Amino acid sequence: MSFDPASLKYDANGLIPAIAQDHGSGEVLMMAWMNAEAVARTLETGKVTYWSRSRQSFWVKGESSGHVQRLVDFRVDCDRDCLLVLVDQTGPACHTNRRSCFYTAVRDGGEVELMAPER
């Protein structure tokens, strides 16, 4: 059975959320958006490619920072409206230089920073 990116359910802007997870540790690293072309490029190249809503352009993770995401596995959820990309992450995934974008927890009514930026 062949896969067609057009078979996914995109939002009104033609985007679908993609969650990046470290394939070894299971750590959730980040969430970003893809369009059909970003999905196709990711699958063709093995370099995870997102759609930047602010720049209105493709964004190959690590292209400028060197913090590359190499695709290990590409999964589609049951409703076909969310993606899970299992990756081999080089360096921090977050633009704040942290391993994960999910570095803030809400506990007992306050925010707690779970990790500091990497050096």
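Along the sequence shown, residues are numbered consecutively beginning with 1. The figures that follow rest on heavy atoms only: side chains count, while hydrogens, waters and symmetry mates do not. Computed from a predicted model, the values in this text were never measured in an experiment.
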Mind checking side chain to side chain contact (heavy atoms under 4.5 Å, CB included) for Asp77 and listing every partner two or more places apart, or none if nothing turns up?
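Here the qualifying residues are Asp79, Asp81, Cys82.
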
Holding to side chain to side chain contact (heavy atoms under 4.5 Å, CB included), I want the full list of residues that pass it with Glu37, two or more places apart in sequence or in another chain.
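If we apply the side chain to side chain contact (heavy atoms under 4.5 Å, CB included) test to Glu37, skipping adjacent residues, the hits are Asn35, Arg41, Phe58.
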
Please give the remaining members of the hydrophobic cluster of [X], linking ILVMFWY side chains under 4.5 Å, ordered by chain and number.
X: Met115; result: Tyr103
X: Phe74; result: Phe3, Leu8, Tyr10, Ile16, Leu29, Met30, Met34, Val39, Leu43, Val48, Tyr50, Trp59, Leu71, Val76, Leu83, Val85, Val87
X: Leu114; result: Val112

Just how far is it from atom CD of Glu27 to atom OG of Ser100, taken to the nearest 0.5 Å?
5.0 Å

In Å and rounded to the nearest 0.5 Å, what is the CD to OG1 distance from Glu44 to Thr49?
9.5 Å

Could you name each residue pair satisfying salt bridge (Lys or Arg N to Asp or Glu O under 4.0 Å) that touches [range], not counting sequence neighbours?
range: residues 86-95; result: Arg70-Asp88
range: residues 48-68; result: none
range: residues 104-119; result: Arg98-Glu113
range: residues 7-23; result: Asp22-Arg99

Heavy-atom distance under 4.5 Å between the side chains of His67 and Gln89, does that happen here?
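They are in side-chain contact.
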
Is the shortest heavy-atom distance from the side chain of Asn97 to the side chain of Pro92 under 4.5 Å?
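When only atoms from C-beta onward are counted, Pro92 and Asn97 do touch, with a gap below 4.5 Å.
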
Please report the closest heavy-atom contact between [X] and [Y], naming both atoms and the distance.
X: Gly66; Y: Thr90; value: O-CG2, 3.9 Å
X: Pro5; Y: Ala36; value: CB-O, 3.8 Å
X: Gly26; Y: Gln21; value: O-NE2, 2.8 Å

In chain order, what residues pass the side chain to side chain donor-acceptor pair (under 3.5 Å) check against Asp4, with sequence neighbours excluded?
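If we apply the side chain to side chain donor-acceptor pair (under 3.5 Å) test to Asp4, skipping adjacent residues, there are no hits.
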
Test of understanding: with side chain to side chain donor-acceptor pair (under 3.5 Å), list the residues that count as partners of Ser57, not counting sequence neighbours.
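Listed in chain order: nothing, the list is empty.
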
Could you list the residues that satisfy salt bridge (charged side-chain N to carboxylate O under 4.0 Å, His left out) with Arg80, not counting sequence neighbours?
none

